[in-house]
Amino acid sequence: MYSAKVMDHFTNPRNVGEMPDADGIGTEGNPVCGDVMKIYIKVSDDKITDAKFQTFGCGAAIAVSSMVTEMVKGLTLDEALKITKASLAEALDGLPPQKMHCSNLGADALHKAIEDYKVKQGK
Amino acid sequence: MKTIYLDHVATNPLHPEVLEAMLPYFRELYGNPLSIYEPGLKAREAIEKARESTAALINAKPKEIIFTASGAEANNFALKGIAYANQNKGKHIIVSKIEHHSVLNTARFLEKSGFAVTYLPVDKYGLINPEDVEKALTKETILISIIHASPEIGAIEPIVEISRIAKQKGLILHTDAVASVGNIPVDVQALGVDLLSFTAHQFYGPKGAAALYVREGGRIVPLIYGGIQEGGRRAGTENVPAIVGMGKAAELAKRDLQKRMDRVKVLRDKLITNALKTEKVLLTGPPEKRLPGHASFVVEYIEGEAMLLLLAAKGIYSASGSACSSKALKASPVLISIGIPAHLAQGSVVFTLGEETTEEDINYFNETFPQIISRLRGISPYAKGWEGMEGSSCTVQK
Ligand code: FES
């Protein structure tokens, strides 16, 4: 039911773990089934230099987390804010319809992490 | 890669002897059992022989067996057929909250058609208290339908005690025994039930063959009208090969039941003992009163579908009642009914062993399962506890 890319990111997730010195942290709970995704970002000069995640959720949610942390590295904050659930799902070669909300989780957690960074910077 | 099938509650492989018995009825013995020439007569004979061994498996009389196409059909038939046959006596039905969808959704349909339904609660092990049945009775009650064994948590319900109550009050008792027939001894006389649903693919028979036992003299309104098949109670040209397969599978199940039970129980116990060694893994359902091949858990801090996928990647096939693993994204109502909070229900996994499960399989499983748990916990933000979980995200208990 999952694309090869989803299975790859799920079975070999990139960027797993806590980031103690993160510049921004975004946590998003899934209103549909009660799962949680936590995204950590490191920022310098308005660019995301590193990202990590921790996720409690299904295979798609883990793959989405892995993908979003890969995608944002090297992006400016404005570019990263343009990542949506659709672009995430597309990067994973699609998600089954009932799993589209899991990619929502990834986009929202990322946006929250960026917001958190901005608040901490006083911006 | 070697695969280990631990989802016997979903379905079972076809027994080779069952396939052998079925094959002629796909080939030369294709006659319609209603035809009066040789091939038809042969087919009729085969169905009646299958009816005998199917009846014998549950200690019923052959004429008390109505073949259906699935356990779900048998359950629909039992509830609707009894409700409509008895609606002049009353319009109240009692079921439990942990029934299969084919009972629950039929009960809901009957509610919409003017019947009242009581959904009985279960305790933390998933067991029904017979006193609750008694308390739920009204003057209008006509039917009690309680599952015999839960496919999700393995609980075996106290049908004998419930049947005493039903008898005392002159009520009809149905049990959905889909998960139990072929896995534990099921005797309709000893259980004291009036109707019982069971299906062949739970005991190494084919899919597409199942049966409803209706005690002799019991009145039931058909679901399917048409010809005189199954005594006019279930019309439609019989699925002869499948019915023959069910008969053969029943014969084997009767012969081998004790051996099968003893074997899987030893392996199952080994699996449970090992699984519980990992921290924060809890058994769901009763420790004792459960199906012999059935092990079900909730694993804290991680989600069931993710577990299933990683297990499948290691060749192990299993099931989960987590919200994420269900198409409707709802946690299993059974887990909710036994009081498991939504965030724990997310960690549901169910392993069901069968005849072909070997000790080697279980050793491999026992090695693999803890690795997969720790791998997923390594990804989880809650690996060290549920801090911050309450209130934030487990508010969704639908
Ligand atoms: S996180 Fe629940 S379905 Fe993906």
Side-chain angles (χ1 to χ4, degrees), chain A residues 1-4 6-20 22 25-40 52-69 95-106 108-109 112-113, chain B residues 280 299-314 320-332 335-336 340-349 371-398:
Chain A
M1 77 178 200
Y2 287 133
S3 71
V6 171
M7 285 310 287
D8 175 37
H9 276 266
F10 165 60
T11 48
N12 302 298
R14 289 44 152 190
N15 315 311
V16 174
E18 260 183 292
M19 190 190 278
I25 304 177
T27 305
E28 186 61 28
N30 191 329
V32 182
C33 47
D35 305 310
V36 171
M37 200 179 284
K38 207 167 180 177
I39 305 259
Y40 304 84
K52 285 196 152 212
F53 81 90
Q54 290 178 301
T55 292
F56 167 61
C58 72
I62 290 170
V64 162
S65 325
S66 166
M67 183 51 97
V68 77
T69 51
L95 283 170
Q98 81 272 20
K99 295 287 181 183
M100 279 306 287
H101 71 272
C102 314
S103 63
N104 216 351
L105 203 58
D108 290 351
K112 277 195 174 172
Chain B
K280 300 285 182 187
V299 180
E300 292 200 44
Y301 316 133
I302 57 178
E303 190 279 324
E305 188 216 74
M307 273 188 273
L308 299 195
L309 289 171
L310 285 187
L311 283 164
K314 295 272 181 193
S320 167
S322 85
C324 302
S325 66
S326 81
K327 281 256 150 39
L329 298 176
K330 281 189 186 166
S332 140
L335 296 175
I336 303 299
I340 304 222
H343 61 291
L344 289 190
Q346 280 290 55
S348 145
V349 258
Q371 290 167 7
I372 280 167
I373 295 174
S374 72
R375 201 162 138 194
L376 287 170
R377 282 185 178 164
I379 303 176
S380 171
Y382 298 111
K384 297 187 198 94
W386 286 113
E387 280 84 59
M389 183 64 175
E390 274 75 16
S392 72
S393 44
C394 52
T395 48
V396 270
Q397 193 152 344
K398 287 144 295 185

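So that the names make sense, note that chain A is the first sequence line, chain B the second, and so on, each numbered from 1.
Taken to the nearest 0.5 Å, the CG atom of B:L310 stands 7.5 Å off from the OG1 atom of A:T11. B:I379 CD1 to A:N15 CG: the interatomic distance, rounded to the nearest 0.5 Å, is 11.5 Å. For the atom pair CD (B:Q346) and CG (A:D35), the distance works out to 4.5 Å, reported to the nearest 0.5 Å. Rounding to the nearest 0.5 angstrom, the gap separating the CD1 atom in A:I62 from the CD atom in B:E303 is 7.5 Å.
Shortest non-hydrogen contact noted between B:L329 and A:H101 is CD1-CE1, 3.0 Å. Minimum interatomic distance between A:F56 and B:H343 (heavy atoms only, all atoms of both residues): CZ-O, 3.7 Å. Shown here for B:G378 and A:V16, the closest heavy-atom pair between the two residues is O-CG1, 3.5 Å. In plain terms, the two heavy atoms of B:A306 and A:G57 that are nearest each other are CB-O, 3.7 Å.
Proximity to chain A (any heavy atom under 4.5 Å) is shown, for B:L309, by both the backbone and the side chain. In this structure, chain B has no heavy atom under 4.5 Å from any part of A:A61. Neither the backbone nor the side chain of B:R377 comes within contact range of chain A, judged by heavy atoms closer than 4.5 Å.
Between the side chain of A:K99 and the backbone N or O of B:C324, at least one donor-acceptor pair lies under 3.5 Å. A side-chain donor-acceptor contact under 3.5 Å links B:E305 to the backbone of A:G59.
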